[in-house]
Engineer: 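I have a structure here, written as structure tokens, and I will follow up with some questions on it.
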There are 2 protein chains.
Amino acid sequence: MDHHLFKSPGHDHGRCVKTAMNRAEQVCQRSGSRLTTLRRRVLELLWQNHAPLSAYELLELLVRDGRKAQPPTIYRSLEFLLECGLIHRVESLNAYIGCDQPQKEHETGFFICESCGYVAELSDSSINLSISKNAELLGFRVHKPTIEISGLCKFCTEDNDEH
Amino acid sequence: MDHHLFKSPGHDHGRCVKTAMNRAEQVCQRSGSRLTTLRRRVLELLWQNHAPLSAYELLELLVRDGRKAQPPTIYRSLEFLLECGLIHRVESLNAYIGCDQPQKEHETGFFICESCGYVAELSDSSINLSISKNAELLGFRVHKPTIEISGLCKFCTEDNDEH
DNA sequence: CAGTGTTATGTTATAATGTAACAATTTCCG
DNA sequence: CGGAAATTGTTACATTATAACATAACACTG
Ligand SMILES: [Zn+2]
Ligand SMILES: [Zn+2]
Ligand SMILES: [Zn+2]
Ligand SMILES: [Zn+2]
């Protein structure tokens, strides 16, 4: 169960992390928010993992860097990154993951593989349209939709079927 | 902000709780699972509230009953009720709520009012269809969809608009 | 460049949510 | 009744998150 898509031959992960960090710099520059060393590092750790990490896993990684970090340190960084739209929180995992497209406002959903941990972010899909329609029928004003579909990704499904 | 729908004139809440408990008895009888005094009480507390309650809020209510309850007590009851389909867990609130239609298997979604706490359960809607379609495109096998839309319910929206 | 207000981070303590492990009790069934 | 299985009690602990206050870094003015 170690075939994270981002480790697959088709995925240049070094480049993937770099472009994510570049995007982040741009996003912060435009909005005038400060991507400090700490915040940049937290985001980088998330992208290096390219899968959800919990606050305390991130904390552990910061400590390995040699930094004297306590829970508030990491939670504050995560709060900042969330506000900038650079990361998302995965409610059903109490974990955090880098966002694909922080440039544009978007409602997002996740397909989460229970076997390998891979997460596919899906935005502006027909799902959001369905939600809007259902909300309208109820007279409900949507603020933040949380859509997290857990199951098995393509590769893990194939593995299971073979055995 | 105290106009929970279940407190509104149109809603006979006493009856609502009773029918929910009756349904629960039936569901358990058919499946051969045991709705003990404790489990029945937990479910009843959830229905009396008719809105999400956290595990520790329920625990507090059990203690007020005079029961010597510790965390495992409540978590085990919740686990049982979840397995029976009598309640749902609301991931984005770390809370639990009684299920409308425990008779039939269903994938569910919630519209959660941030102002008054009311939760509308929505099942078998077009949302689930959209999810299936998107999943199919990804080759993803859905196990458990989590759909939790937070925002403002009809009544709270109207309140806001008036002021 | 010093002075000053603002923002960010460090530090300590504690709250809120959830489980593991084992003991005592109750229920079920022959 | 008597033993097996399920349920609940009890203690201890793990994980996730925040409050409150101290210090440090930064940004801007004059
Ligand atoms: Zn990558
Ligand atoms: Zn997978
Ligand atoms: Zn009711
Ligand atoms: Zn409302």
Side-chain angles (χ1 to χ4, degrees), chain A residues 24-25 28-29 31-46 49 51-84 86-97 117 146 148 150, chain B residues 24-25 28-29 31-46 49 52-84 86-97 117 146 148:
Chain A
E25 297 285 357
C28 287
Q29 206 139 50
S31 69
S33 34
R34 291 163 52 188
L35 191 60
T36 63
T37 311
L38 174 65
R39 291 162 173 175
R40 186 182 295 106
R41 180 62 178 144
V42 171
L43 183 62
E44 189 182 35
L45 288 168
L46 281 172
N49 197 56
L53 284 175
S54 77
Y56 279 75
E57 285 169 339
L58 283 165
L59 184 55
E60 168 64 22
L61 292 171
L62 283 182
V63 169
R64 278 198 214 155
D65 277 358
R67 192 182 280 268
K68 293 188 217 163
Q70 244 60 42
T73 301
I74 186 66
Y75 280 103
R76 284 189 287 223
S77 289
L78 290 171
E79 189 186 6
F80 171 85
L81 296 169
L82 284 168
E83 273 169 13
C84 293
L86 292 169
I87 65 173
H88 295 293
R89 173 178 160 85
V90 186
E91 294 293 339
S92 57
L93 299 177
N94 293 337
Y96 306 83
I97 188 168
T146 298
E148 302 181 359
S150 65
Chain B
E25 297 284 358
C28 287
Q29 206 140 49
S31 69
S33 33
R34 291 164 51 190
L35 191 60
T36 63
T37 311
L38 174 65
R39 291 162 174 175
R40 186 182 296 105
R41 180 63 178 143
V42 171
L43 183 62
E44 190 181 34
L45 287 168
L46 280 172
N49 197 56
L53 283 174
S54 77
Y56 279 75
E57 284 168 340
L58 283 166
L59 184 54
E60 168 64 22
L61 292 170
L62 284 182
V63 168
R64 278 198 214 155
D65 278 357
R67 193 181 279 269
K68 293 187 218 164
Q70 243 61 44
T73 300
I74 186 66
Y75 279 104
R76 284 188 289 224
S77 289
L78 290 171
E79 188 186 7
F80 171 85
L81 296 169
L82 284 168
E83 273 169 12
C84 293
L86 292 169
I87 65 174
H88 295 293
R89 174 177 160 86
V90 186
E91 295 291 340
S92 57
L93 300 176
N94 292 338
Y96 306 83
I97 188 169
T146 299
E148 303 180 0

Engineer: For B:A55 and for A:S33, locate the closest nucleotide of DNA chain C by heavy-atom distance; then report the residue assigned to the nucleotide nearer the 5' terminus.
Structural biologist: A:S33
Engineer: Could you list the residues that satisfy side-chain hydrogen bond (donor to acceptor under 3.5 Å, both in side chains) with A:S31, not counting sequence neighbours?
Structural biologist: A:S33
Engineer: Measure the distance from CD on A:E57 to C1' on D:dA14 and round it to the nearest whole Å.
Structural biologist: 14 Å
Engineer: Please name all residues satisfying salt bridge (charged side-chain N to carboxylate O under 4.0 Å, His left out) with B:E83, sequence neighbours left out, ordered by chain then number.
Structural biologist: none
Engineer: So if I apply the side-chain contact (heavy atoms from CB on, under 4.5 Å) rule between B:L46 and each of B:L86, B:L61, B:L53, which one comes out positive?
Structural biologist: B:L53
Engineer: State, with a plain yes or no, whether a side-chain heavy atom of B:N49 is found less than 4.5 Å away from one of B:L58.
Structural biologist: no
Engineer: List the atom pairs, with distances to 0.1 Å, where a side-chain N or O of residues 69-79 of chain B and a protein N or O form a donor-acceptor pair under 3.5 Å, not counting sequence neighbours.
Structural biologist:
residue	atom	partner	partner atom	Å
B:T73	OG1	B:Q70	O	3.4
B:R76	NE	B:P72	O	3.4
B:S77	OG	B:T73	O	3.4

Engineer: Roughly, in whole Å, what's the span from CG in B:N94 to P in D:dT16?
Structural biologist: 11 Å
Engineer: Under 4.0 Å: is that the gap between some side-chain N or O of A:R40 and OP1 or OP2 of C:dA8?
Structural biologist: no
Engineer: Expressed in angstrom and rounded to an integer, what is the separation of A:L78 atom CG from D:dT16 atom P?
Structural biologist: 12 Å
Engineer: Which residues pass the salt bridge (charged side-chain N to carboxylate O under 4.0 Å, His left out) test with B:R39, not counting sequence neighbours?
Structural biologist: none
Engineer: Kindly give the atom pairs (protein nitrogen or oxygen, nucleotide nitrogen or oxygen) under 3.5 Å for nucleotides 23-29 of chain D.
Structural biologist:
none

Engineer: Which residues pass the side-chain hydrogen bond (donor to acceptor under 3.5 Å, both in side chains) test with B:R34, sequence neighbours left out?
Structural biologist: none
Engineer: Starting from C1' on C:dT17, measure out to CG on B:L53 and report it in whole angstrom.
Structural biologist: 15 Å
Engineer: Ignoring hydrogens and angles, answer whether the base of D:dA14 and the side-chain atoms of A:Y56 contain a donor-acceptor pair closer than 3.5 Å.
Structural biologist: no
Engineer: Roughly how many Å is it from OH in A:Y75 to C1' in C:dT9, rounded to a whole number?
Structural biologist: 17 Å
Engineer: Would a 4.5 Å heavy-atom cut-off, applied to side chains only, mark A:R89 and A:N94 as touching?
Structural biologist: yes
Engineer: Once you round it to whole Å, what is the distance between P of C:dT27 and CZ of B:R39?
Structural biologist: 12 Å
Engineer: Hey, what bend do you get for the helix from C:dC1-D:dG30 to C:dG30-D:dC1 if you fit axes on five pairs at each end, rounded to 10°?
Structural biologist: 30°
Engineer: Which residues pass the salt bridge (charged side-chain N to carboxylate O under 4.0 Å, His left out) test with B:E148, not counting sequence neighbours?
Structural biologist: none
Engineer: Using a heavy-atom distance cut-off of less than 4.0 Å, which residues of residues 60-74 of chain B contact DNA chain D?
Structural biologist: B:R67, B:K68, B:Q70, B:P72, B:T73
Engineer: Taking only residues two or more places apart in sequence or in another chain, which ones pass side-chain hydrogen bond (donor to acceptor under 3.5 Å, both in side chains) with A:Q29?
Structural biologist: none
Engineer: Below 4.0 angstrom from OP1 or OP2 of C:dA16, is there any side-chain N or O of B:S54?
Structural biologist: no
Engineer: Is the phosphate of C:dA20 approached by B:R76 (side-chain N or O, under 4.0 Å from OP1 or OP2)?
Structural biologist: no
Engineer: Would you please confirm or rule out a distance under 4.0 Å between OP1 or OP2 of D:dA17 and any side-chain N or O of A:Y96?
Structural biologist: yes
Engineer: Nearest whole Å is fine: how far is C:dT19 C1' from B:E79 CD?
Structural biologist: 11 Å
Engineer: Could you list the residues that satisfy side-chain contact (heavy atoms from CB on, under 4.5 Å) with A:E60, not counting sequence neighbours?
Structural biologist: A:R64
Engineer: Would you please name every residue forming a salt bridge (charged side-chain N to carboxylate O under 4.0 Å, His left out) with B:E57, sequence neighbours left out?
Structural biologist: none
Engineer: Between atom CG in A:L59 and atom C1' in D:dT18, what is the gap in whole Å?
Structural biologist: 14 Å
